[in-house]
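Worksheet: the structure to be examined is printed underneath.
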Amino acid sequence: MPRKTMFVALRDLSTKDCVLAVAVTHWIFNRREPADPRILFVLLLLVPAATSLLLFLHYGTILGTVLAFSIYHASLIFSVVLYRTSPFHPLARYPGPFLAKVTRLYWTRIALAGRQHIEIGRLFDKYGDAVRIGPNEVHFRDVSVMQAMLGSKGMPKGPMWEGRALKTPILPLVGLRDNTTHSRRRKPWNRAFSSAALKNYVPVMAKRGSQFVELLAERREVDFVHCVHMFTFDFMADALFGGGSEVMKDDDKDGMARSVKTSFLDSQIYEHLPWLASLARHIPGVGEKIKRFRAMCTQRGISRLEKGSSTKDLFYWLSNEDGSEKENPSRSLILSDSALAIIAGSDTTATVLSILVYCLLAHPETYERLQAEVDKFYPSEEDSLDPKHFSKMPYLEAVINETMRLYPVLPSGSQRSPERGSGGFFASQHFIPEWTSVRIPIWCLHRDPRNFTRPDEFWPERWLIMDGLEPHSEVLTHDMNAFVPFSFGPRNCVGKNLAMLEMKVVAVHMLQRLQLRFRKDFDPTRWEHVMEDRFNLLVAELPIVVERRF
Ligand code: HEM
């Protein structure tokens with residue numbers, strides 16, 4: 001064959017090969033979402049490198065390589081963008097910003113700025129109750145859709161959880177993507193936080209609650225957020241591992257309590273770009289804080305397992321010390337939930353308690369009314385760490401509920417995705433195709449006037465009115481199905497009852513013993529506006545002045 005003809009043939013061959021390679025790569029990315037670095041290496045580097053060999057003869061080594069890589073990657077990007085914005089994409093019927101359809105980076109940027117909860121509300125107002133916020137993700141603001149998607153026949157957890165867990169081989173309970181495995185692994189957790197088991201945590205709750213209130217009283221001027229995070233960290237260590245933490249005593253000198261926050265902040269990028277987690281997992285130095293935090297939690301779990309149980313803590317149930325299961329779970333399976341338990345149990349409750357104190361101090365009439373209820377059932381001689389009167393305190397419950405309604409601690413909710421191999425999921429008129437995900441932002445459900453009258457107002461009385469405990473002339477909208485601070489369905493928050501009890505014990509003991517007020521130079525009007533949605537709600541410092549009441 002003459003040289004010139006050969007070059008043309010090679011060029012044609014390489015173009016065809018390139019197009020074919022791009023099409024196959026696109027298909028693989030679309031169907032399989034590969035995150036394994038070895039597969040990524042083959043698809044993104046090896047394949048274009050192979051096609052560049054065909055261009056060497058014609059263009060030389062350097063230009064051939066540059067051309068092959070440029071053509072391959074440009075065509076791949078072009079074909080991906082074209083498909084994602086085309087009417088053939090399975091989520092094409094859902095409206096949303098153009099850039100959100102094109103790339104996941106659109107929403108990642110908003111998430112990393114902590115503005116998801118605000119931005120999604122704006123998009124719902126613009127596009128309606130279903131918005132496509134990513135190439136493969138839709139968010140809904142609709143109670144009936146939420147019930148179908150999160151309910152007993154709903155979808156499993158979505159890929160965000162694998163990302164947050166840095167793609168560990170054994171996922172924690174919260175990230176399990178198969179409903180059967182999830183419900184099996186959830187059983188010991190349900191036993192650990194059943195009404196009967198809850199009583200086992202009361203003594204440590206009382207001990208730590210009392211230590212916390214003393215700490216506030218002694219310091220007199222504190223950042224409430226920092227102090228309450230130390231309290232929940234120590235309490236959770238007792239409740240999960242039977243002890244092992246004294247951060248309140250040493251003012252978190254080793255940064256243990258603070259590391260919870262750092263760890264979940266650092267996980268945020270992997271939540272939105274789960275494929276990045278596979279890389280981070282394998283690259284030394286990347287995701288270091290998360291890895292260190294996880295190792296610290298695992299170490300605590302190991303020490304606890306070696307020691308055996310002295311109380312009926314969470315590990316008592318997880319390691320089948322109660323003998324409910326025929327077979328004991330493997331040690332690595334038990335340990336995989338160590339970090340989840342600390343993060344899920346400590347930061348959430350601490351944040352709600354911080355916001356509760358903020359709401360009380362920003363609304364003196366609510367503070368006064370709750371104080372009166374506490375004083376009625378827990379006068380100074382009554383043990384305020386004993387929950388025996390809580391069931392007769394509707395205002396306490398109303399204030400906590402209203403705090404979590406207005407400021408749900410997981411504002412964007414938890415992701416769900418159709419079961420692998422299922423083909424997709426139907427929820428009322430919506431079809432959610434496989435390989436796509438959904439979320440129901442709790443913040444938006446709670447602030448939707450179709451669910452709650454005057455949704456942006458802190459108004460605990462609404463709960464009393466709806467329970468028939470207080471008269472009111474206006475007809476109120478108050479959809480209890482839309483109130484989901486702990487999420488909904490069989491994969492919701494398993495620690496809900498423990499959290500409610502813990503928050504009540506702390507609130508009552510604090511109000512019985514202490515008088516709180518904002519530090520003089522603090523501007524409460526700004527505080528709400530600097531809250532960030534970092535998956536958990538992140539709140540700023542809350543400087544308060546504390547005085548003993550007696
Ligand atoms: C006010 C405090 C709390 C709030 C608002 C809260 C909220 C939530 C939410 C919204 C979820 C996501 C559920 C889903 O995927 O649909 C969750 C999951 C979870 N929470 Fe909580 N939580 C709180 C306290 C606790 C406590 C004290 C624990 C105790 C360890 C805990 C343990 C868990 C666990 C283990 C999960 C995963 C459940 C599963 O996937 O089956 N949480 N929580």
Side-chain angles (χ1 to χ4, degrees), residues 146-147 149-152 154-158 160-161 164-165 171-179 181-194 197-198 201 204-205 208 228 231-233 235-241 260 264 271 297 313-315 317-318 336-356 400-401 403-417 437-443 445-446 483-507 533 535-537:
M146 176 199 73
Q147 289 181 324
M149 289 178 177
L150 272 58
S152 53
M155 287 184 261
K157 308 280 177 137
M160 67 166 263
W161 292 107
R164 286 192 77 87
L171 279 174
L173 175 79
V174 74
L176 293 172
R177 296 199 55 193
D178 163 57
N179 282 347
T181 316
H182 179 274
S183 74
R184 183 168 36 79
R185 285 260 306 268
R186 171 107 176 198
K187 279 184 189 150
W189 281 87
N190 285 339
R191 284 195 285 274
F193 297 128
S194 67
L198 227 49
Y201 304 104
V204 280
M205 204 179 281
R208 292 302 191 176
V228 78
F231 154 72
T232 54
F233 191 84
F235 166 64
M236 282 321 286
D238 289 348
L240 307 172
F241 310 120
V260 176
F264 83 66
E271 167 187 336
C297 298
D313 55 15
L314 174 70
F315 265 49
W317 307 95
L318 291 191
S336 69
D337 280 339
S338 312
L340 163 68
I342 295 192
I343 297 182
S346 60
D347 190 78
T348 46
T349 335
T351 302
V352 178
L353 281 167
S354 304
I355 304 174
L356 176 83
I400 295 177
N401 281 349
T403 304
M404 292 195 293
R405 186 194 65 77
L406 204 52
Y407 306 101
V409 83
L410 264 62
S412 294
S414 164
Q415 197 186 47
R416 297 289 193 271
S417 191
S437 307
V438 300
R439 257 161 112 152
I440 322 277
I442 301 175
W443 182 283
L445 280 187
H446 287 186
F483 179 61
V484 283
F486 295 101
S487 187
F488 177 80
R491 289 163 286 283
N492 73 347
C493 175
V494 72
K496 173 180 170 174
N497 295 337
L498 179 71
M500 283 304 282
L501 185 62
E502 183 188 350
M503 292 189 293
K504 286 182 179 176
V505 166
V506 171
D533 176 357
F535 178 61
N536 286 26
L537 203 56

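When a ligand or atom number is given, it counts from 1 through the structure's own listing order. Because the structure is predicted, anything quoted here is derived from the model rather than measured.
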Q. For ligand 1, which atoms have a heavy atom of M236 less than 4.0 angstrom away?
A. 29 (C), 30 (C)
Q. Do S417 side-chain atoms and G158 backbone N/O form a donor-acceptor pair below 3.5 Å?
A. no
Q | Residue from T351, D347, T348 passing side chain to side chain donor-acceptor pair (under 3.5 Å) with N536 | A | D347
**Q.** Closest protein heavy atom to atom 40 (O) of ligand 1, given as residue, atom name and distance to 0.1 Å
**A.** K157 NZ, 2.7 Å
Q.
Check this for me: does any side-chain nitrogen of one of E271 and R439 sit under 4.0 Å from a carboxylate oxygen of the other?
A. yes
Q. Which ligand 1 atoms does P485 reach within 4.0 Å, using its non-hydrogen atoms?
A. 5 (C), 7 (C), 10 (C)
Q: Any atoms of ligand 1 less than 4.0 Å from a non-hydrogen atom of R416? List them with their elements.
A: 14 (C), 15 (O), 16 (O)
Q) Can you check whether K157's main-chain N or O pairs, donor with acceptor, with H182's side chain at less than 3.5 Å? A) no
(Q) Quick one, L498 and M205 - any side-chain contact, counting heavy atoms below 4.5 Å? (A) yes
Q: Only heavy atoms count here, so choose which of E502, H182, R491 is nearest to atom 41 (O) of ligand 1.
A: H182
(Q) Using a 4.0 Å cutoff against the non-hydrogen atoms of S414, which atoms of ligand 1 qualify? (A) 14 (C), 15 (O), 16 (O)
Q.
Below 30° counts as parallel, above 60° as perpendicular, anything between as tilted: where do the rings of F241 and F315 land?
A. perpendicular
Q | Closest contact, heavy atoms only, I442 versus V484 | A | CD1-O, 3.4 Å
**Q.** For V409, the ligand 1 atoms whose distance to one of its heavy atoms is below 4.0 Å
**A.** 4 (C), 5 (C)
Q. Looking only at heavy atoms, what is the nearest atom pair of V228 and A350, with distance?
A. CG1-O, 3.4 Å
Q: Tell me which protein heavy atom sits closest to atom 38 (C) of ligand 1, plus the residue, atom name and distance to 0.1 Å.
A: N492 O, 3.4 Å
**Q.** G345 backbone acceptor or donor facing T349 side chain under 3.5 Å
**A.** yes
(Q) Closer than 4.0 Å to some heavy atom of V174 - which atoms of ligand 1 meet that? (A) 37 (C), 40 (O)
Q | Under-2.8 Å neighbours of atom 21 (Fe) of ligand 1, protein N/O/S atoms only | A | 1
Q: Mark yes or no for whether R164, through its side chain, and G175, through its backbone, hold a donor-acceptor pair below 3.5 Å.
A: no
Q: Measure across M404 and F486 and return the closest heavy-atom pair with its distance rounded to 0.1 Å.
A: CE-CE1, 3.7 Å
**Q.** Numbered atoms and elements of ligand 1 in range of V352, under 4.0 angstrom, heavy atoms
**A.** 1 (C)
Q: Could you list which atoms of ligand 1 come closer than 4.0 Å to a heavy atom of L410?
A: 9 (C), 10 (C), 11 (C)
Q) Does a side chain donor of either W189 or D337 reach within less than 3.5 Å of an acceptor in the other side chain? A) yes
Q: Looking only at distances, please establish whether an N/O atom of ligand 1 is found under 3.5 Å from an N/O atom of W189.
A: no
